[in-house]
Amino acid sequence: MAPSGSRNIRKDCRRVLYWIPVLFICLIVAWSYYAYVVQLCIETIENLGEKIVYLLVYHVFFIMFVWAYWQTIFTKPMNPLKEFHLSHSDKELLEREDRGESRQEILRRIAKDLPIYTQTTSGAIRYCERCNLVKPDRCHHCSVCDKCILKMDHHCPWVNNCVGFSNYKYFTLFLAYSLLYCLFITATDLQYFIKFWTNGLPDTQAKFHIMFLFFASSMFSVSLASLFAYHCWLVCKNRSTLEVFRAPAFSHGTDKNGFSLGVRKNFCQVFGDEKKYWLLPIFSSQGDGCSFPACLVNIDPEQPSSPTGPAADKSDGEIHQFPAKPLRESQSRLLNNGQTWTDSEGKEGKDRQGTSNPAMTIEKET
């Protein structure tokens, strides 16, 4: 076993290495600021009105881009609430049990009153042995952060942070403003790039900066446009990147549309109800990150039903209904009059077991 001191040194080295992509982005942005403001606007552009307009618009995009990037990097990912963690006694009881049936009963007892609708594809309770907690819906364990992250989308090396419930809005705005930033530079730099390329302007120091600035901004625009479009699609579908690759599993089987409430409500889950905050990197997302309203959905013919999960009732051969549980206030805000919830066992207001299944077994899931 390696000494604890060497492990701490390796951990510190990894932490430093993780900041290299962020440092690279910061250096590129700092150079682009110098190239655009000094070499293009101040040194090259002669028309005073054009110069002022370019500088004003550029700094608006630059400030919003840096603000959103800062928020994405330094907003700590949210972790599950204490109610999802096992108590000390439950943890000891679970560790002492060797039989899967007994361990199952312990987790079923803990999870039955929690607002949980998802399970593993094999029908097991989503339990994290590293964090000792029952995972809330859409929560996953990040191997880099070594924590369970609420509504985890992915771990992004370019921000050295997990993108999840607490900063997904910031990340989306970061993509939007970085795209606008690059597109604005490309559009305003194009005419001077052409002039330098055709020797229409004197061969000065600004030539290299203006030409390379056009190439860099146009290439970044292409990659950012595709990434931003992809995350806009995720927002409209109310999915995360992880859920695209592995659809959440409910009692009736996997369902990639399980949390979709419609485009408008899906958008408001991320950006909030108040329009004045939509374009600002200020937290306005709905809910608490631990519970999300499931809905009535059309079953996806491409998604096979879970062999261990009980089938839900059908209406007209397509509509499937999720098991009911008491809604939290954060869930009720997202589900207005358009959604109805009924108990899968025909009981109202009592003995609700959610996704608990007598056939469930404990299964590790990251």
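All values below were derived from every heavy atom in this structure, side-chain atoms included, with hydrogens, water molecules and symmetry-related copies excluded. By convention here, the first residue in the shown sequence is residue 1.
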Measure the [atom1]-[atom2] distance between [X] and [Y] for me, rounded to the nearest 0.5 Å.
X	Y	atom1	atom2	result
Ile185	Leu190	CD1	CG	13.5 Å
Phe267	Asp273	CZ	CG	10.5 Å
Leu173	Leu179	CG	CG	12.5 Å
Asn132	Cys148	CG	SG	9.5 Å
Phe283	Thr75	CZ	OG1	9.5 Å
Glu83	Ile110	CD	CD1	12.5 Å

**Request:** Walk me through it: do Ser284 and Lys169 pass the test side chain to side chain contact (heavy atoms under 4.5 Å, CB included)?
**Result:** CA-CA 8 Å; Ser284 59; Lys169 176 190 175 183; 2.7 Å; yes
[X] side chain near [Y] side chain, heavy-atom distance below 4.5 Å:
X	Y	value
Phe271	Ser285	no
Leu224	Tyr181	no
Ile149	Phe165	no
Lys256	Arg239	yes
Phe292	Gln269	yes
Asp153	Leu234	yes
Asn167	Phe74	no
Tyr117	Pro136	no

Do the side chains of [X] and [Y] join up, straight or via other hydrophobic residues, at under 4.5 Å, putting them in one cluster?
X	Y	value
Phe62	Ile52	no
Val60	Leu175	no
Ile20	Val29	no
Trp233	Val263	no
Leu213	Phe65	yes

Give a yes or no answer on whether the side chain of [X] reaches the backbone of [Y] with a donor-acceptor pair at less than 3.5 Å.
X	Y	answer
Trp158	Ile25	no
Arg138	Met152	no
Arg126	His140	no
Glu50	Asn47	no
Thr44	Gln39	yes
Asn161	Thr72	yes

Could you pull out the closest heavy-atom pair between [X] and [Y], with the gap in Å?
X	Y	answer
Val22	Pro157	CG2-O, 4.1 Å
Thr188	Tyr192	O-CD1, 3.7 Å
His231	His154	CE1-CE1, 4.2 Å
Met78	Asp288	CE-O, 3.8 Å
Ser226	Ser223	OG-O, 2.8 Å
Pro80	Cys290	CA-SG, 4.2 Å

**Request:** Look at atom CZ of Arg109 and say whether more than 12 heavy atoms of other residues, nucleotides or ligands are closer to it than 6.0 Å.
**Result:**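 Counting neighbours around CZ of Arg109, more than 12 heavy atoms of other residues, nucleotides or ligands fall under 6.0 Å, so yes.
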**Request:** Quick one: do His209 and Tyr34 satisfy ring pair (Phe, Tyr, Trp, His ring centres under 6.0 Å)? Show the steps, please.
**Result:** CA-CA 9 Å; His209 293 284; Tyr34 167 78; 5.4 Å; yes
**Test ring pair (Phe, Tyr, Trp, His ring centres under 6.0 Å) applied to Trp31 and Phe212, step by step** = CA-CA 11 Å; Trp31 167 79; Phe212 190 72; 5.3 Å; yes
**Asked** For Lys237 and Ser260, what are the C-alpha separation, side-chain angles and deciding distance, and is it a side chain to side chain contact (heavy atoms under 4.5 Å, CB included)?
**Response** CA-CA 6 Å; Lys237 294 292 186 179; Ser260 180; 5.6 Å; no
**Ion pair check, Asp137 and Lys151, cut-off under 4.0 Å** =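 No.
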**Prompt:** Does Phe259 have its ring centroid less than 6.0 Å away from the ring centroid of Phe250?
**Reply:**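 Ring centres of Phe250 and Phe259 closer than 6.0 Å.
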**Asked** Can you check whether Phe214 and Phe193 have ring centres sitting under 6.0 Å from each other?
**Response**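 Here the rings of Phe193 and Phe214 have centres that are less than 6.0 Å from each other.
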**Message:** If you apply the rule side chain to side chain donor-acceptor pair (under 3.5 Å), what do you find for His59 with Tyr33, and how did you get there?
**Reply:** CA-CA 9 Å; His59 280 92; Tyr33 185 89; 2.8 Å; yes
**Request:** Applying side chain to side chain contact (heavy atoms under 4.5 Å, CB included), run through Val235 and Tyr168 and close with a yes or a no.
**Result:** CA-CA 10 Å; Val235 170; Tyr168 187 71; 3.6 Å; yes
**Request:** Before giving the answer on side chain to side chain donor-acceptor pair (under 3.5 Å), spell out for His141 and Asp146 the whole-Å C-alpha distance, their side-chain angles and the decisive distance to 0.1 Å.
**Result:** CA-CA 7 Å; His141 187 90; Asp146 197 25; 3.2 Å; yes
**Test log, rule side chain to side chain contact (heavy atoms under 4.5 Å, CB included), inputs Tyr58 and Phe184** = CA-CA 7 Å; Tyr58 171 84; Phe184 177 78; 3.7 Å; yes
